[in-house]
Amino acid sequence: MEHTLQIYNTLTRKKEVFIPIHSPNVGLYVCGPTVYGDAHLGHARPAITFDLLFRYLTHLGYKVRYVRNITDVGHLEHDADEGEDKVAKKARVEQKEPMEIVQFYLNRYRKAMEQLNVLPPSIEPHASGHIMEQIEFTQKIIDAGFAYQSEGSVYFDVEKYNKQYHYGKLSGRNIEELLETTRTLDGQIEKKKSVDFALWKKASPEHIMRWKSPWSDGFPGWHMECSAMGTKYLGEEFDIHGGGMDLVFPHHECEIAQSTAALGKETVRYWMHNNMITINGQKMGKSLGNFITLDEFFGGSHPLLSQAFSAMTIRFFILQAHYRSTVDFSNEALQASEKGLNKLLETYARLQKITPSATSTIDVSGLRAKCEEAMKDDLNTPIVLSHLFEASKAINTVADGKASLSAKDVAELKSVFKLFVEDILGLQQTTKDNTQHEAYQKAIDLLLELRLEAKRNKDFALSDKIRNELTTLGFSIKDTKEGFEWSL
RNA sequence: GGUUCCUUGGCCGAGUGGCUAGGCACCGGUCUGCAAAACCGUAUACGGCGGUUCGAAUCCGCCAGGAACCUCCA
């Protein structure tokens with residue numbers, strides 16, 4: 001397996017050559033959603049970023065086990081204050097089971113991901129289905145001497161851990177500084193130090209998700225599920241752990257501490273973090289209330305949106321920026337993405353119809369290598385797209401009859417576009433399903449044949465009528481040298 | 001306040017020392033009955049001030065502006 005895929009490791013703050021522990025197998029763990037509300041644009045970013053990584057690693061020949069967890073524990077309280085959502089409110093009023101809420105939003109999450117063409121992970125473990133593993137993991141940390149009990153809860157002893165290991169290595173913090181800058185919060189009297197974090201929390205009376213444990217009726221700490229489930233499915237040492245940049249501290253920092261304390265060694269080799277999506281320069285997030293849900297994009301039902309945007313437009317929009325940069329959302333930016341994506345996909349469709357010539361007048365040989373090179377440079381999708389757009393220009397020139405391509409070159413282009421556009425970037429024609437019915441296609445073709453005939457007879461009133469009415473119905477009609485093209 | 005990071009043309013967004021990224025928008029042209037699409041071409045850039053260098057958007061310093069994180073909050 002000859003390649004030099006470089007990925008940026010948050011742990012070392014530089015790009016590193018990716019070398020799997022047990023090639024050709026690769027273990028990939030990504031922090032998934034907390035399913036208590038609809039997924040918003042911010043959720044699409046890690047899903048697409050790591051979907052891209054999953055697809056690319058697979059393309060390189062690796063056998064990837066991709067684990068993406070579902071957080072459905074610990075944060076669902078009876079008095080949840082995220083009451084704006086009607087369904088959640090209704091569920092609360094109707095005293096629904098928390099698992100009903102979880103299932104409801106998980107179904108919606110999966111549907112949104114499918115629309116974004118995000119491949120399902122290999123394993124999607126629920127935190128609630130791994131309480132035993134989390135209890136055992138907590139016990140290991142207690143046995144190792146890095147945790148203590150207090151009032152039925154179990155806390156991680158960060159100071160003690162830091163004497164032997166380095167707490168803060170991922171986020172670049174030091175413990176002294178943390179002790180100084182940490183805000184005072186309620187309920188911290190149970191903890192020895194403010195930097196300590198909960199491994200197991202005793203449930204307050206209103207907390208409806210609770211399990212029995214050696215310490216109390218309660219629930220696992222937030223960071224515990226990833227340590228327990230990651231090592232369960234990927235082993236005590238695995239290759240890549242991903243997630244949003246906002247999870248670096250404290251979530252991933254604590255995860256490292258937990259796993260190192262329990263196992264005596266580093267669990268994760270490469271930490272990868274996608275940056276945030278911003279809106280007016282500010283992070284789009286639940287707590288700020290400035291998020292737009294994916295369904296709102298798909299339906300165009302948000303005051304900031306002038307129209308509906310397809311899932312593919314969202315995907316393309318995200319891939320147009322490098323995953324470690326912030327990307328600023330705006331209606332205008334999405335409109336630009338929509339047009340760019342259409343251009344790329346239309347060119348791809350046009351490529352299928354190109355008639356090869358004896359020789360090529362343009363050079364297309366370097367495209368594959370250039371795209372590979374960009375991908376291997378820490379998944380630089382904007383560069384991949386720029387190469388594809390340059391190739392698009394060449395393809396359109398040929399389609400215009402101003403240049404020619406040999407059969408071999410046409411085949412190469414088809415192959416490269418299929419690989420990068422479809423298989424790796426995961427971009428596809430959204431309206432495919434609607435236009436696949438042969439009879440339907442032929443009916444439209446027939447109408448346009450009639451229009452062409454009318455044009456030949458200079459009956460422009462009729463030809464314009466056909467075009468205008470089809471346009472009103474949502475069709476886009478383009479005349480070409482040979483005849484016409486249409487799309488919905 | 002602390003830590004880390006960012007500031008590129010009208011908009012989005014690559015690029016870490018020298019060679020036009022790309023997309024959208026704009027303008028001019030080709031094509032077309034018209035339109036759309038496509039193609040060709042022009043223009044607009046590197047927050048400010050200094051420094052290093054033959055040469056800096058790219059390295060260093062200062063200043064200005066902005067962001068993320070600073071623990072149960074998801």
Side-chain angles (χ1 to χ4, degrees), chain A residues 13 31 33-37 43 71 74-77 80-82 153 156 158 168 171-174 176-178 180-183 185-188 191 194-198 201 219 221-223 244-251 253-254 273 275-276 278 280-283 285-287 316-317 320-322 324-344 346-347 350 374 377 380-390 392-403 455 458-460 463-464 467-468 471 476-481 484-487:
Chain A
R13 283 154 214 240
C31 287
T34 303
V35 280
Y36 77 113
H43 291 110
T71 300
H75 315 297
L76 299 166
E77 297 202 16
D81 59 358
E82 308 289 341
S153 293
F156 191 92
V158 172
S171 56
R173 281 155 220 265
N174 64 65
E176 294 80 12
E177 173 195 300
L178 282 169
E180 283 167 16
T181 61
T182 301
R183 304 177 228 161
L185 292 161
D186 296 339
Q188 292 204 331
K191 298 199 246 177
S194 58
V195 287
D196 293 349
F197 57 91
K201 276 288 257 191
F219 56 96
W222 175 32
H223 319 300
M245 236 173 224
D246 54 348
L247 297 178
V248 171
F249 192 89
H251 185 52
E253 198 70 72
C254 294
H273 294 94
N275 213 320
M276 302 291 102
T278 59
N280 297 321
Q282 199 177 33
K283 173 185 169 183
K286 202 128 202 167
S287 48
F316 182 84
F317 171 70
Q320 258 186 315
H322 188 263
R324 283 192 290 115
S325 301
T326 56
V327 55
D328 198 51
F329 154 81
S330 70
N331 188 68
E332 201 186 355
L334 272 185
Q335 284 177 323
S337 290
E338 183 178 56
K339 291 196 175 178
L341 171 68
N342 281 340
K343 182 172 168 175
L344 187 68
E346 278 174 21
T347 306
R350 215 166 274 143
D377 183 14
N380 199 332
T381 52
I383 295 293
V384 174
L385 286 169
S386 80
H387 292 319
L388 291 172
F389 273 111
E390 282 192 17
S392 295
K393 208 172 218 181
I395 290 165
N396 284 320
T397 311
V398 174
D400 259 16
K402 291 169 186 157
K455 276 173 68 181
K458 301 252 190 268
D459 185 356
F460 298 122
S463 73
D464 284 354
R467 182 177 65 192
N468 293 340
T471 303
S476 158
I477 314 297
K478 293 164 195 168
D479 287 349
T480 64
K481 280 214 160 52
F484 52 80
E485 281 180 7
W486 65 269
S487 59

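Chain letters run A, B, ... following the sequence lines, proteins first, then strands; residues in each count from 1.
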- Message: Say we look at C69(B) and C62(B): how far apart would their C1' atoms be, to the nearest angstrom?
- Response: 26 Å
- Does C27(B) have a Watson-Crick or wobble partner in any strand here, with both distances under 3.5 angstrom, and which is it? G41(B)
- List for me each residue that meets salt bridge (Lys or Arg N to Asp or Glu O under 4.0 Å) alongside Asp196(A), sequence neighbours excluded, and say none if there are none. none
- Item | Integer angstrom distance from the C1' of G15(B) to that of G23(B) | 15 Å
- Ignoring hydrogens and angles, answer whether the base of A35(B) and the side-chain atoms of Arg467(A) contain a donor-acceptor pair closer than 3.5 Å. yes
- Contact string for nucleotides 18-25 of chain B, one letter per nucleotide 5' to 3', B = base within protein heavy-atom range under 4.0 Å, S = sugar-phosphate only, - = neither, reads ---BSSSS
- Would you say the base of G15(B) and the side-chain of Asp377(A) have a donor-acceptor pair closer than 3.5 Å? no
- Identify, with sequence neighbours excluded, every residue that meets salt bridge (Lys or Arg N to Asp or Glu O under 4.0 Å) alongside Asp459(A). none
- Atom C1', compared across U20(B) and C46(B): separation rounded to whole Å: 15 Å
- Query: Does any nucleotide pair with A67(B) by Watson-Crick or G-U wobble geometry, both distances under 3.5 Å, and what is it?
  - Reply: U4(B)
- What is the distance, rounded to the nearest whole Å, between atom CZ of Phe317(A) and atom C1' of C12(B)? 8 Å
- Task: Report the distance from atom CD1 of Ile395(A) to atom CG of Leu388(A), rounding to the nearest 0.5 Å.
- Result: 8.5 Å
- Gap in Å between the two P atoms, one belonging to G2(B) and one to C73(B), rounded: 27 Å
- Query: To the nearest 0.5 Å, how far apart are OG1 in Thr326(A) and CE in Met245(A)?
  - Reply: 9.0 Å
- Message: Counting the atoms with a prime plus P, OP1 and OP2 as sugar-phosphate, which does Ala321(A) contact under 4.0 Å by heavy atoms, base, sugar-phosphate, or nothing?
- Response: sugar-phosphate
- Query: Ala374(A) and Ile383(A): which non-hydrogen atoms are nearest, and at how many Å?
  - Reply: CB-CG2, 3.5 Å
- Message: For Phe389(A) versus Gly340(A), what's the shortest heavy-atom pair and its separation?
- Response: CZ-O, 3.4 Å
- If we take the C1' atom in both G13(B) and U8(B), what is their distance in whole Å? 9 Å
- Does Phe156(A) have any ring pair (Phe, Tyr, Trp, His ring centres under 6.0 Å) partners at least two apart in sequence or in another chain, and if so, which? Tyr161(A), Phe197(A)
- Item | Which residue lies more 5' along RNA chain B, comparing Phe249(A) with Ser171(A) via nearest heavy atoms | Ser171(A)
- Query: When rounded to the nearest 0.5 angstrom, what is the spacing between NZ in Lys343(A) and NZ in Lys393(A)?
  - Reply: 7.0 Å
- Task: Mind checking ring pair (Phe, Tyr, Trp, His ring centres under 6.0 Å) for His251(A) and listing every partner two or more places apart, or none if nothing turns up?
- Result: Trp222(A), His223(A)
- Message: Using whole Å, what does the distance between atom C1' of nucleotide A36(B) and atom CZ of Phe460(A) come to?
- Response: 16 Å
- Pairing nucleotide - G61(B), Watson-Crick or G-U, each distance under 3.5 Å: C49(B)
- Whole-angstrom distance between A56(B) and G17(B), as gauged at atom P: 14 Å
- Between C70(B) and G55(B), how far is it from one C1' atom to the other, in whole Å? 42 Å
- Provide, to the nearest angstrom, the distance between the NE2 atom belonging to His322(A) and the P atom belonging to U8(B). 18 Å
- Query: Going by 5.5 Å between centroids and 30° between planes, is there a stack of Trp222(A) over A74(B)?
  - Reply: no
- Task: Please report, rounded to the nearest Å, how far the C1' atom of C70(B) is from the CG atom of Leu247(A).
- Result: 15 Å
- Tell me what Ser330(A) touches on the nucleic acid: a base, only sugar-phosphate, or nothing, going by heavy atoms under 4.0 Å. nothing
- Round to a whole Å and report the spacing from CG of Leu334(A) to C1' of C11(B). 12 Å
List every contact pair, protein side and nucleotides 64-68 of chain B side both N or O, where the distance is under 3.5 Å.
residue : atom : partner   : partner atom : Å
A68(B)  : OP1  : Lys283(A) : N            : 3.2

- Query: Taking the side chain of Asn396(A) as heavy atoms from C-beta outward, which of A14(B), A38(B), U71(B) is closest to it?
  - Reply: A38(B)
- Using atom C1' of each nucleotide, how far apart are G10(B) and G18(B) to the nearest Å? 29 Å
- Closest heavy-atom pair, Glu253(A) versus Gly172(A), reported as atoms and distance to 0.1 Å, is OE1-N, 4.5 Å
- Task: Any strand is fair game: report the nucleotide pairing with G18(B) by Watson-Crick or G-U wobble, both distances under 3.5 Å, or none.
- Result: C54(B)
- Query: Which heavy atom of Lys283(A) sits nearest a heavy atom of Met276(A), and at what distance?
  - Reply: CE-SD, 3.8 Å
- G15(B) OP1/OP2 closer than 4.0 Å to side-chain N/O of Asn380(A): yes
- Message: Tell me the interatomic distance from Glu253(A), atom CD, to C69(B), atom P, rounded to whole angstroms.
- Response: 16 Å
- Task: Give one of base, sugar-phosphate or nothing for Val248(A), where a contact means two heavy atoms less than 4.0 Å apart.
- Result: nothing
- Message: In this structure, how many angstroms lie between the P atom of C11(B) and the CZ atom of Phe329(A), rounded?
- Response: 17 Å
- Least distance between heavy atoms, Lys286(A) atom then Gly37(A) atom: NZ-CA, 3.6 Å
- Query: Can you tell me how far P of U8(B) sits from CG of Asp328(A), to the nearest Å?
  - Reply: 11 Å
